[in-house]
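What follows is one structure encoded as structure tokens, with my remarks underneath.
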Amino acid sequence: MSQTPVREALLRLEQLGLINVRPQSGTEVAYIDIVQLEQNHFLREALECEVVRRLAEQDNQGLVQHLLSILDMQESVSDDDVMLFAKLDELFHRTMFEAVGQLSLHQLIRSRSGHMDRVRRLHLPLEGKIKSVLEGHRAIVMGIQFNDLVHAVAQMREHLAGTIEKIHLLRDEFPNYFC
């Protein structure tokens with residue numbers, strides 16, 4: 001492989017804060033930055049709450065059925081296939097952004113979610129987490145389905161808080177991963 005794509009990939013990872021490049025010294029994986037995590041969570045929460053608020057204002061029965069089918073797929077994933085579950089989780093959230101014509105904002109969130117993705121990989125396998133995610137998704141869909149803006153937004157806020165509220169516990173359990 002040519003050095004150019006490797007160099008570009010390393011530059012991109014460095015821009016995302018996922019690696020530290022030390023010229024003439026080496027490259028290392030960056031620690032998970034809690035301050036950056038909290039800032040990115042703030043952005044995601046603001047955008048996703050607005051998305052579900054807008055969805056709850058509309059008649060979205062087709063979207064509701066699509067979201068429920070994604071949830072059915074998530075429920076059928078075996079407990080040890082965390083990666084597939086996470087991909088379906090991503091599809092669930094992406095589908096809502098797409099429904100309000102804001103896919104580029106979803107891509108913005110994804111471009112800033114490197115540290116959160118790493119934390120999710122630590123948190124998702126823990127007992128009860130997958131069940132909690134599914135319950136949150138169902139509650140969000142219910143708010144959208146019944147045009148209950150307050151419920152939909154509150155459920156999204158609670159759903160997104162699940163991992164960020166556990167950061168300090170995860171940091172205690174995995175101290176070598178966090179700065």
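Everything numeric in this text was worked out from a predicted model, so none of it was measured.
Of all non-hydrogen atoms in Arg12 and Ser111, the two that sit nearest each other are NH2-CB, 4.0 Å. Considering every non-hydrogen atom in both Arg112 and Asn40, the closest pair reads O-ND2, 2.6 Å. When every heavy atom of Gln36 is checked against every heavy atom of Leu16, the shortest pair comes out as NE2-O, 4.0 Å. Here the shortest heavy-atom pairing between Gln74 and Leu134 reads CB-CD2, 3.6 Å. Across Gly17 and Ala30, no two heavy atoms sit closer than the pair O-CB, 3.3 Å. Pairing each heavy atom of Leu63 with each of Ala99, the nearest pair is CD2-CB, 3.8 Å.
Looking at Val119 and His115, their side chains never come closer than 4.5 Å, going by heavy atoms from C-beta outward. Side-chain atoms of Asn20 and Glu14, non-hydrogen and from C-beta on, never get closer than 4.5 Å to each other. Between Leu149 and Glu57, some side-chain heavy-atom pair lies under the 4.5 Å cut-off. Looking at heavy atoms from C-beta onward, Arg110 lies out of side-chain contact with Leu105 at the 4.5 angstrom threshold. At least one side-chain heavy atom of Met116 sits less than 4.5 Å from a side-chain heavy atom of Thr163. Contact check for Val21 versus Leu11: no side-chain heavy atoms found under the 4.5 Å cut-off. Counting only heavy atoms from C-beta outward, the side chains of His123 and Arg120 never approach each other to under 4.5 Å. In this structure, the side chains of Arg118 and Leu18 come closer than 4.5 Å at one or more pairs of heavy atoms.
Using a 4.5 Å cut-off between side-chain heavy atoms of Ile, Leu, Val, Met, Phe, Trp and Tyr, with links allowed through other members, Met142 and Val64 fall into different hydrophobic clusters. Linking ILVMFWY side-chain heavy atoms closer than 4.5 Å, directly or via other members, places Leu68 and Val52 in a single hydrophobic cluster. A continuous path of Ile, Leu, Val, Met, Phe, Trp and Tyr side chains, each step under 4.5 Å between heavy atoms, connects Leu160 with Leu43, placing both in one hydrophobic cluster. Grouping the Ile, Leu, Val, Met, Phe, Trp and Tyr side chains by contacts below 4.5 angstrom, directly or via other members, places Val100 apart from Leu103. Ile34 and Leu169 sit in two unconnected hydrophobic clusters of ILVMFWY residues. Membership requires side-chain heavy atoms under 4.5 Å apart, directly or through other members.
The CZ atom of Arg53 sits 10.5 Å away from atom SG of Cys49, with the distance rounded to the nearest 0.5 Å. Between the CD atom of Glu158 and the NE2 atom of His151 there is a distance of 9.5 Å, given to the nearest 0.5 Å. In this structure, CG on Asn176 lies 7.0 Å from OH on Tyr31, to the nearest 0.5 angstrom. How far CD of Gln15 is from CG of Leu10: 11.0 Å, rounded to the nearest 0.5 Å. With rounding to the nearest 0.5 Å, the separation of CZ in Phe178 from CD1 in Ile167 is 5.0 Å. Atom-to-atom distance recorded for Ile144:CD1 and Leu67:CG is 6.0 Å, nearest 0.5 angstrom.
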Quick one, Thr27 with Leu13, criterion side-chain contact (heavy atoms from CB on, under 4.5 Å). Give me CA distance, side-chain angles, the key distance, then yes/no. CA-CA 11 Å; Thr27 301; Leu13 289 170; over 6 Å; no
Would His41 and Leu37 satisfy side-chain contact (heavy atoms from CB on, under 4.5 Å), going step by step from the backbone distance to the final call? CA-CA 6 Å; His41 173 75; Leu37 260 176; over 6 Å; no
Please lay out, stage by stage, how Ile140 and Met96 fare under the test side-chain contact (heavy atoms from CB on, under 4.5 Å). CA-CA 11 Å; Ile140 292 163; Met96 290 187 289; 4.2 Å; yes
Walk me through whether Gln61 and Asp59 qualify under side-chain contact (heavy atoms from CB on, under 4.5 Å). CA-CA 6 Å; Gln61 292 316 304; Asp59 178 25; 3.6 Å; yes
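Under the ring-ring contact (aromatic ring centres under 6.0 Å, His included) test applied with Phe92, the options His66, His159, His137 reduce to a single match, His137. Considering His93, Arg94, Glu90 as possible partners of His106, the one that fulfils the side chain to side chain donor-acceptor pair (under 3.5 Å) test is Glu90.
Counting heavy atoms of neighbouring residues, nucleotides and ligands inside a 6.0 Å radius, atom CD of Glu28 exceeds 12 of them. Atom NZ of Lys129 has more than 12 heavy atoms from other residues, nucleotides or ligands within 6.0 Å.
The residues Asp72 and Arg138 are annotated as salt-bridged, a charged nitrogen and a carboxylate oxygen being separated by less than 4.0 angstrom.
For Gln65, there are no side chain to side chain donor-acceptor pair (under 3.5 Å) partners, not counting sequence neighbours.
Under a 3.5 Å cut-off, the side chain of Asn60 and the backbone N or O of Gln145 do not form any donor-acceptor pair.
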